[in-house]
Amino acid sequence: MPTRHGRHTSKRRSRRKRQGGKIVWFLILTLAAGLLSAYALSQATGTSRADDPGPSSTRTDGPDAGPAFEDTVVKIDVLGDSYTAGSTDGGRGAANWTRLVGTRLTDGGDTVELNVMAQPGAGYTTRGNAGLHFREIATLRLREDADIVLVQGSRNDGVQTWDAMYTAAKSLYADIRTRAPGARVIAVGPAVDPVPDFVQANNDAMAQAADEEGVRYVDALADGWFSDGGTAFFSEDGIHPTDAGHEYLAEKIFPLLEGTLREIQPV
């Protein structure tokens, strides 16, 4: 019959055995976790980090190429009205000038990401269909890391005093500069034909504001956009561009964006 001392010794041995088993299992699990972590890290090559400037792609040149290098995606934000948003009269989907320009840039070997912030009826002072004007749209949707910002329009501002138009344009350009400090900013003025007096006056105020804020201003009126056969590019209302009108806008705007992109990423 086992003594009391013997029973105590047996219990201590059982506890040690159970504890030893737990330690062995702990070591096995720790080793397995380490192996899984090492495998996961080996598969993560080429993924972007949270502090990366944007999506990137890698490529190699030739069959015996050296280390791959990253091509930075150029982020282009476009702010505009129905000329940019498209309408039932034209410019929907792949026929939109922003899509045409984006495709052309991509086909040329550039990697771009467009953020189209267009609202029909909107302008510098006039709120569009969703109740916002350009400055409010930019506040909500302009990317802080945008590389290029293009502002298109607008004929929607109607009759304004020179001071009101100048102040609205200057405030918008200043906001863009503050929100996206690294961006190249281009403003394309209203493009209409014939040109009402109020559109010309608004255009002049916008041009001065752009000059003072260091924004490149494209005077579409002075450059004669749509002046040659312009009516062929608009619907019957004379306001909304057709698909042909969007093709024409793409031809005009592509060189602006492509040239600016070359300043950012020389060939």
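Every value quoted in this text rests on a predicted model; they were computed, and no experiment measured them.
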- L150 vs T84, side chain to side chain contact (heavy atoms under 4.5 Å, CB included): CA-CA, chis, key distance, verdict: CA-CA 11 Å; L150 186 143; T84 294; 5.9 Å; no
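- Nearest heavy-atom pair, P194 versus P196, reported as atom, atom and distance to 0.1 Å: O-CD, 3.4 Å.
- Taking the side chain as every heavy atom from C-beta outward, P241 and L249 approach each other to under 4.5 Å.
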- side chain to side chain contact (heavy atoms under 4.5 Å, CB included) between F234 and D89, worked out: CA-CA 8 Å; F234 292 95; D89 296 306; over 6 Å; no
- Task: Check the pair H133 / T125 against side chain to side chain contact (heavy atoms under 4.5 Å, CB included), numbers first and verdict last.
- Result: CA-CA 6 Å; H133 54 56; T125 63; over 6 Å; no
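- Heavy atoms only, all atoms of each residue included: D81 and A122 are closest at CB-O, 3.5 Å.
- Looking at L221 and V192, their side chains come closer than 4.5 Å, going by heavy atoms from C-beta outward.
- T126 and N156 share no donor-acceptor pair across their side chains, judged by distance under 3.5 Å alone.
- Counting heavy atoms of neighbouring residues, nucleotides and ligands inside a 6.0 Å radius, atom CG of D237 exceeds 12 of them.
- At a cut-off of 3.5 Å, with distance as the only test, a side-chain donor of Q200 or D204 sits close to an acceptor on the other residue.
- Hydrophobic cluster membership differs between W162 and V159, with clusters built from Ile, Leu, Val, Met, Phe, Trp and Tyr side chains linked at under 4.5 angstrom.
- Under the 3.5 Å distance criterion, the side-chain polar atoms of S82 are left unmatched by any main-chain donor or acceptor of H240.
- Looking only at side-chain heavy atoms (C-beta outward), K75 and N115 stay at 4.5 Å or farther from each other.
- A donor-acceptor pair under 3.5 Å links the side-chain atoms of N202 to the main chain of G158, judged by distance alone.
- P255 approaches A250 most closely through the heavy-atom pair CD-O, 4.4 Å.
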- Task: Apply the test side chain to side chain contact (heavy atoms under 4.5 Å, CB included) to residues W97 and V78: give CA-CA distance (whole Å), side-chain angles for both, the deciding distance (0.1 Å), then the verdict.
- Result: CA-CA 11 Å; W97 73 259; V78 182; 3.8 Å; yes
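- Under the 4.5 Å side-chain heavy-atom criterion for grouping Ile, Leu, Val, Met, Phe, Trp and Tyr, V101 is connected to W225 within one hydrophobic cluster.
- For T242 (side chain) and G245 (main-chain N/O), a donor-acceptor pair under 3.5 Å exists by modelled atom type.
- Here R184 pairs with E263 in a salt bridge; the nearest charged N to carboxylate O distance falls below 4.0 Å.
- Counted by atom type alone, Q119 and N129 present zero donor-acceptor pairs between their side chains at under 3.5 Å.
- D77 places a side-chain N or O within 3.5 Å of a backbone atom of R143 that can act as its donor or acceptor partner.
- A donor-acceptor pair under 3.5 Å links the side-chain atoms of R177 to the main chain of G214, judged by distance alone.
- Taken together through direct or relayed side-chain contacts under 4.5 Å among Ile, Leu, Val, Met, Phe, Trp and Tyr, L114 and I253 form part of one hydrophobic cluster.
- Side-chain contact between S235 and I239 is absent, with no heavy-atom pair separated by less than 4.5 Å.
- Counting only distance, with no hydrogens or angles, the side chain of Q265 and the backbone of T111 share no donor-acceptor pair below 3.5 Å.
- Pairs engaging residues 241-254 under the salt bridge (Lys or Arg N to Asp or Glu O under 4.0 Å) rule: R104-E251 [sequence neighbours left out].
- Note: F233 and Y248 have parallel aromatic rings, judged against thresholds of 30 and 60 degrees for the angle between ring planes.
- Applying the 4.5 Å side-chain rule to ILVMFWY residues, one finds L79, M117, Y124, L132, F134, I137, L140, L142, V151, M165, L172, Y173, I176, V185, M206, V215, Y217 in the same cluster as V149.
- A salt bridge (Lys or Arg N to Asp or Glu O under 4.0 Å) check over residues 148-169, counting only residues at least two apart or in different chains, returns nothing.
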